[in-house]
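Convention: sequence-line order gives letters A, B, ...; per-chain numbering from 1. Only a predicted model underlies this, so the values are computations on that prediction, with no experimental measurement involved.
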Amino acid sequence: MTVSKKYPEHKNVELSQVSTEILDFWKKNSIFEKSISSREGQPSFTFFEGPPSANGTPGIHHVMARTVKDIFCRYKTLKGFQVKRKGGWDTHGLPVELQVEKELGITKDDIGKKISVEEYNQKCREAVMKYKSQWDDLTEKMGYWVDLEHPYITFENDYIETCWYLLKQLYEKGLLYKGYTIQPYSPAAGTGLSSHELNQPGCYRDVKDTTVVAQFKAVDFNSPQEGKVYFLAWTTTPWTLPSNAALAVGEKIEYALVKTLNPYTHQPVQVILAKALLGKYFQEKGKDGDFDSYRAGDKVIPWTVVAEYKGAELVGKKYEQLLPYVQPEAPAFRVIPGDFVSTEDGTGIVHIAPTFGADDARVAKAAGIPAILVDGEPLVDKRGRFLPQVQDEVFGLGGEFVKEEYLSDAEKAEALELQKEKLAGIIAKLDKYMSVDERIALKLKLGNQAFKVEKYEHSYPHCWRTDKPVLYYPLDSWFIRTTALKGRMSELNKTINWKPESTGTGRFGHWLENLVDWNLSRSRYWGTPLPIWRTEDASEERCIGSVSELKEEIKKSLALLDSFDLPAERKAQAREYMSEALKKGIHDLHRPYVDYIILVSPDGKPMFRESDLIDVWFDSGAMPYAQWHYMGDSKALPFNGGNTPAFPADFISEGVDQTRGWFFTLHALSTLLFDSVAFKNVVSTGLVLDKNGVKMSKRLGNVINPFETIGQYGPDATRWYMIGNAPPWDNLKFNLDGVTEVLRRFFGTLQNTYSFFALYANLDGFTYAEKDVPLEKRTESDRWILSRLHSLIQLTDKAYADYDATVAVRAIESFVCDDLSNWYVRLNRKRFWKGEYSSDKMAAYQTLYTCLETVAKLASPVAPFYTERLFQDLNGVSKKDRSASIHLADMPVADTRCIDTDLEQRMAYAQQLTSLIHSLRKGNSLRVRQPLSKMLVPVLNENFRKQIAAVQDLILSEVNIKVLEFVDDSSGILVKKVKPNFKKLGKEYGAKLKEVGAIIQAFTQADILTLEREGRFQTKLSDGTPVSLSPEDVEISFEDIPGWLVASAGSLTVALDITLTEELKQEGVARDFVNRIQNLRKDMGLEVQDKIELQVVRHSESVSQALIQHQAYICAEVQALSLELVNDSRTADLIEMEDFQLAVDVQVIKTAPAPGKKSVTKKESSLATKKSKAKTPSKSKYKTASSSQKKTVKKATKSASKAGSVTKKKTEAKKKTAVKKASVAKKQAAKPIKKAGKKTQVEKGKKKIASPVKKKSTKKVVAKKSTTKKVAAKKVRTKKATTVKKKSNTKTVSKKAVARTTVKKSTKKKTAKKVN
RNA sequence: GGGCUUGUAGCUCAGGUGGUUAGAGCGCUACACUGAUAAUGUAGAGGUCCGUGGUUCGAGUCCACGCAGGCCCA
């Protein structure tokens, strides 16, 4: 940035523009690179970037996630760490494939047919980076610092090679195995279906199935009543009942044991089912009915509840196998807990067939229940037929299709003949094929094993290719045995600092406790291939861990290739590819190439690659190692070129939806491979919803475009809003109004404060060249704001260190708005613009400078752009910090010597007292301009008195009161009251507190005095318990003081003397007068240095007195060379005072800086130039780019249309002449006007703006508008505008624009009335 | 159905370890200030702290059971 001795004074600040400029600055000066290189040799802070996928466009939630990442990396940099952050791209996986399929208009089946795998994967490779430029653009624009030049990309060979390396490590540890999992499977098509395929429209169809509520006979069930006990379980797939191995109950669900009769066999039974579902199976009429009188066939079956159990009590109960065709290999047939059990339908007890349900398999495994298998195979084969072992003498089953739909009509007819024969003894005339389900149901009915059989319509998935029902079926897959280290993962998880904690202990912790093995297999094309080669009989296999290892194996295999018993074509393909690979290297580890490779087993048999790809989540979980192409080497951990291992990460952050995604895969792999956590601190961010709390979706059209938002409001405001509004782990209701508010409130205030500083610092030539004014020589308020500042440093540093940026942001915001701007600057304004360049003034500049610069640094992690600008603006002049950028600087360090809690306390008193007095004044219609003589502050102790005394000047000037007096007991006018200190007394007296409280409340003044003087008050409770109270046991405050206006807040009380002496009144008049003249000057468009002469037409004696008395004061304030009382004036303006009017003639004196004037004048004149510069029409404060543009445009057109061809180069002199003329041209005779009567405040307020002067000024407005834009703009923001707006009742969005348009009219109207 | 999470003013949010008058910003109403000025300040109105029970002298805060929203599973 340019070297200058002046602080830049920005006419208008648009954050979006600032950000582009700063971006440019960073680029030109390689600031990001320097932020890393300049920390060489420092301790490193390791950050892992979770790779996004660039096949979709980035959304506003990505801004959120990346802001969080960025903040802490920047913060740690400021704290002196070296923070390398490598960007990355997630490139594999189903979404990419689906997108390509859609674009090409093909399906998975077409791959390898209509399009070669080679071509297909090429398409995927192209598609996956489709939006990379958009992502890079967003990254840059939002100010997310990450290395985009050298990102890791998961499809690159090196990356895949590391994945292979890791897989081999797992393989060698015995943690990689082939097993089965229950998946949707289409027997008709002979293929498994992905969940995506099942979600195709039309897959789920309503079908009517035979369902059975089966009776499972309990073993050794201790019922309070005699008789057999059965568990009732419902199934819509009776064909799975021979595979039943367990029953699942919900542990929290309540169950009932019911005595009743089986509806089919009428045998007495006791059945167990969920209490909530009793009504579904039993009629109310039969409740506690008479069992003896029941006869077979009676409609109402008697029943009675014998006992009740919680699900947990039933767990472990045993029962007899329902259909004992095949025996389990280990003990089974127990009741087990099932987290998925509900009481929505069925019986609240779920039949578990571990081979045919995913839940079933899971809970069975967890409970140690074996599956029912024959030689390791499920009871139904891959074509959908029962194994021969499932053979029933009467009902058949063995070798039959379990679903009717799998049979052709001819097959059904054939089967019917057989059934007629076999079922002759049961069904006389069978005329229709009976499905497997129906026959099983029938068998159970007859055997007293079914409680209810019915047709039931429900939705069931069908294969989209064959239209036949899908079965859930065990299919082969490769797994990582995560369960082996489940305990260790939980243990390590406890050492991770989770933000928020609940995500770690709750969501993630519970998930780890219920972990199942990680299914790695995916039958797709675009992804990391599983590097395992197997012989066809699966007897031998080899896991490949690197490219070089693969090459070695290829060499061996090439030698033996000819001997393999394989088609010549296949061998030729293998030979060609493998020889090529040896010669030129392996160019691509993806399919189809890896599949060309045939390896040889130690026994000399050919081995083929297992066709699976691995889960993309493995890719991202491998990122800590693969991003550096870690291959074990000689190092135990991956390094990133530095001296310390780049593992584990100190910090990561992603959306909470990654809990079971990236967070898990990172954690699992690091635990399995390195027995370590992968990250020490993690912030899981919440969702970004629209402003109504609805998820953003393209369909609803409530999506926020991040580019537009950043472009319009700037990245800083967007980031600040996102972090400050709510903690990032809560969901964020993203409301653009909130961003506007941040813009205005925080950035606007900060910029205003800087502008204020720059304006005067430039005039005084303050460059911070002088030595620091020692703390003890600074004013009370200087030391106060510095104390607050250092408290702020402490707080923000702690918050950042704790990964809680929200706390930091809120504290900074409150400091800037409340402490710095609204209190410090407001109180100290005059120190900046009055007087010589003294040590006191220097102290003020230094203090304000320090605050601004420190705040910039503290806020820089969150708002990197604007704070850079602020830093450059300040530091460009002072050169106090040698860093070239704020992001290369050091985090401010709190100096505890600056922190003075007493001082902070008394300033708080000052603020409270001020507020109380304002409130009193307001309540009594005493404007602040009216000085008052005295205020009283009751004091309890010497310390309090000292505290207040230290800030009393400040209070007095703030509230315009002459004297502050303390009152204590000796004054005799104080009446005290006491309140029990419940917190303290509660601990001591507990239940007796009420009585003690009553005693205290009944204290007399004498009692209070006793307590205060003797430090103790003794009494007894009604039950004789002695009570000894100390002053700390009560809180003392004051009653109202008779004859005074009193207000209090907490223990603070203040009394106000509102008697107005003639003297005070006159001073009030003088101040009012100054105020009116200042307004007039402004209306006339005078600059600060313009001098005037005043002639006031005599009013009452007291007014004349007031003006004469305070003549010096008035003249100084309003830049008047003279103030003269005259008897009459033909050219005077009428001004509205509080309750009367004055006629005043204002003569403007030409402003050539008079020779011999003292330097102050000179300065003031240059100040005025500054000011006038600042008042150019586009003096927009913080506004959105568009709104400010709009406004500027609007103004321009407006003034252009009115101004015609008049250029804005009209001279100041001309302008003033215009004023003068208007003033002279005024024909109003000046006459003191008697007040018409008592006016209300409101009237007064309105009146004030309606003086004839305004009429003139209105004319002037027109005149000026035709001359310059500048004046027009100035005009527009006079008090009138606001007041008229209010009056016109244009509510809410009427905005100033509307008000402005009404200004002229209503003023005129008002004026006219007045004049008449 | 389960796990986690949220519920405080019209809106967005604060409210260590329980303490008797529940706060802020925005918005609204009114007023003030007028050399930071399209800025700012002050005041006012606005609360069943989601509900019901419980523990306690005392519950927005602790416990239980619900209700409603969200996320992730099933």
Check: What pairs with A:Asp359 under salt bridge (charged side-chain N to carboxylate O under 4.0 Å, His left out), at least two apart in sequence or on another chain?
Finding: A:Arg362

Side-chain donor-acceptor contacts of residues 814-824 of chain A below 3.5 Å, not counting sequence neighbours, with atom names and distances?
unit_1   : atom_1 : unit_2   : atom_2 : d
A:Asp819 : OD2    : A:Arg788 : NE     : 3.0
A:Asp819 : OD2    : A:Arg788 : NH2    : 3.0
A:Asn822 : ND2    : A:Cys817 : O      : 3.2
A:Tyr824 : OH     : A:Asp782 : OD1    : 2.5

Margin query: Need the pair for B:G1. Rule: Watson-Crick or G-U wobble, both distances under 3.5 Å, any strand; none if unpaired.
Written below: B:C73

Next item on the list: Determine whether any donor atom in the side chain of A:Ser821 lies under 3.5 Å from an acceptor atom in the base of B:A36, or the reverse, and answer yes or no.
Entry: yes

Check: Which residue lies toward the 5' end of RNA chain B, A:Ala726 or A:Arg829, if each is placed at its nearest nucleotide?
Finding: A:Ala726

Checklist line | Per A:Leu687 side chain, nearest of listed nucleotides B:G19, B:A36, B:C71 | finding: B:C71

Note to self: For the C1' atoms, the ones on B:C49 and on B:U6, what distance do you get once it is rounded to whole angstrom?
What the structure shows: 14 Å

Item checked: B:C4 versus B:U29 - spacing of their P atoms, nearest Å -> 46 Å

Check: Donor-acceptor pair, A:Ser684 side chain versus A:Gly655 backbone, under 3.5 Å?
Finding: no

Check: Taking the six-membered ring for Trp, is the centroid-to-centroid distance between A:Phe734 and A:Tyr721 below 6.0 Å?
Finding: yes

Note to self: Does the structure show a Watson-Crick or G-U wobble partner for B:G60, both distances under 3.5 Å? Name it, or say none.
What the structure shows: none

Next item on the list: Give none if B:G44 has no partner; otherwise give the nucleotide forming a Watson-Crick or G-U wobble pair with it, both distances under 3.5 Å.
Entry: B:C28

Margin query: I need the CG-P distance between A:Leu732 and B:U6, as an integer number of Å.
Written below: 16 Å

Protein and nucleotides 60-69 of chain B: nitrogen or oxygen contacts under 3.5 angstrom:
none

Notebook entry, point to check: Hey, is the side chain of A:Asn822 poking within less than 4.0 Å of OP1 or OP2 on B:G41, counting only N and O atoms?
Noted result: yes

Margin query: Taking only the P atom of each, what is the distance from B:U40 to B:C50 in whole angstrom?
Written below: 33 Å

Next item on the list: Would you classify A:Arg745 as touching base, sugar-phosphate or nothing, given that sugar-phosphate means primed atoms plus P, OP1 and OP2, and contacts are heavy atoms under 4.0 Å?
Entry: sugar-phosphate

Notebook entry, point to check: Which residue, A:Leu689 or A:Asp1072, contacts RNA chain B at a nucleotide closer to its 5' end, judged by nearest heavy atom?
Noted result: A:Asp1072

Note to self: Of the listed nucleotides (B:U5, B:C71, B:U12), which one gets closest to any side-chain atom of A:Val656?
What the structure shows: B:C71

Notebook entry, point to check: Can you tell me how far P of B:U6 sits from CD of A:Glu501, to the nearest Å?
Noted result: 12 Å

Notebook entry, point to check: A:Phe508 and A:Phe663: aromatic ring centres closer than 6.0 Å?
Noted result: no

Next item on the list: For B:A22 and B:G16, measure between their P atoms and round to the nearest Å.
Entry: 15 Å

Margin query: Mind checking if A:Val825 touches a base, just sugar-phosphate, or nothing, with heavy atoms under 4.0 Å?
Written below: base

Check: Of all the nucleotides listed (B:G19, B:G27, B:C13), which has the minimum atom distance to the side chain of A:Arg744?
Finding: B:G27

Checklist line | Whole-Å distance separating the NE2 atom of A:His510 from the C1' atom of B:C73 | finding: 14 Å

Margin query: Suppose you measure atom P in B:G53 against the same atom in B:C28; what distance do you get, rounded to whole Å?
Written below: 40 Å

Notebook entry, point to check: Mind checking the C1' distance from B:U52 to B:A59? Whole angstroms is fine.
Noted result: 15 Å

Checklist line | Whole-Å gap separating P (B:C72) and CH2 (A:Trp511) | finding: 14 Å

Margin query: Strictly by Watson-Crick or wobble contacts shorter than 3.5 Å, is anything paired with B:G23, and which nucleotide is it?
Written below: B:C13

Check: More than 12 non-hydrogen atoms from neighbouring residues, nucleotides or ligands closer than 6.0 Å to NZ on A:Lys310, yes or no?
Finding: yes

Margin query: Under 4.0 Å, counting only non-hydrogen atoms across every strand here, what does A:Pro337 touch: a base, just sugar-phosphate, or nothing?
Written below: nothing

Notebook entry, point to check: A:Arg507 CZ to B:G70 P: how many Å, rounded?
Noted result: 14 Å

Notebook entry, point to check: Just by distance, do the side chain of A:Thr740 and the backbone of A:Leu736 share a donor-acceptor pair under 3.5 Å?
Noted result: yes

Note to self: Under 4.0 Å, counting only non-hydrogen atoms across every strand here, what does A:Arg810 touch: a base, just sugar-phosphate, or nothing?
What the structure shows: sugar-phosphate

Checklist line | Distance, P atom - from B:C13 to B:U8, rounded to whole angstrom | finding: 9 Å

Check: Any idea which of B:G41, B:C13, B:A74 is nearest the A:Pro727 side chain?
Finding: B:C13

Next item on the list: Using the six-membered ring wherever Trp is involved, compare the ring planes of A:Tyr7 and A:Tyr754 and label them parallel, tilted or perpendicular (cut-offs 30° and 60°).
Entry: perpendicular

Item checked: Pair A:Asp802 + A:Lys499, salt bridge at N-O below 4.0 Å -> yes

Next item on the list: Identify whether any heavy atom of A:Gly986 sits under 4.0 Å from a base atom; if not, whether one sits that close to sugar-phosphate; answer base, sugar-phosphate or nothing.
Entry: base

Check: Expressed in whole Å, how much space separates the C1' atoms belonging to B:U48 and B:A43?
Finding: 27 Å

Next item on the list: Grab the CG-P distance between A:Asn752 and B:A36 for me, whole Å please.
Entry: 10 Å

Notebook entry, point to check: What is the base-pairing partner of B:C65, counting Watson-Crick and G-U wobble geometry with both distances under 3.5 Å?
Noted result: B:G51

Check: Would a distance-only check, ignoring hydrogens and angles, find a side-chain to backbone donor-acceptor pair under 3.5 Å from A:Arg810 to A:Asn725?
Finding: yes

Next item on the list: Figure out the NZ/C1' separation between A:Lys733 and B:G10, and round it to whole Å.
Entry: 13 Å

Note to self: Can you measure A:Arg362 atom CZ to B:G2 atom P for me and round it to whole angstrom units?
What the structure shows: 14 Å

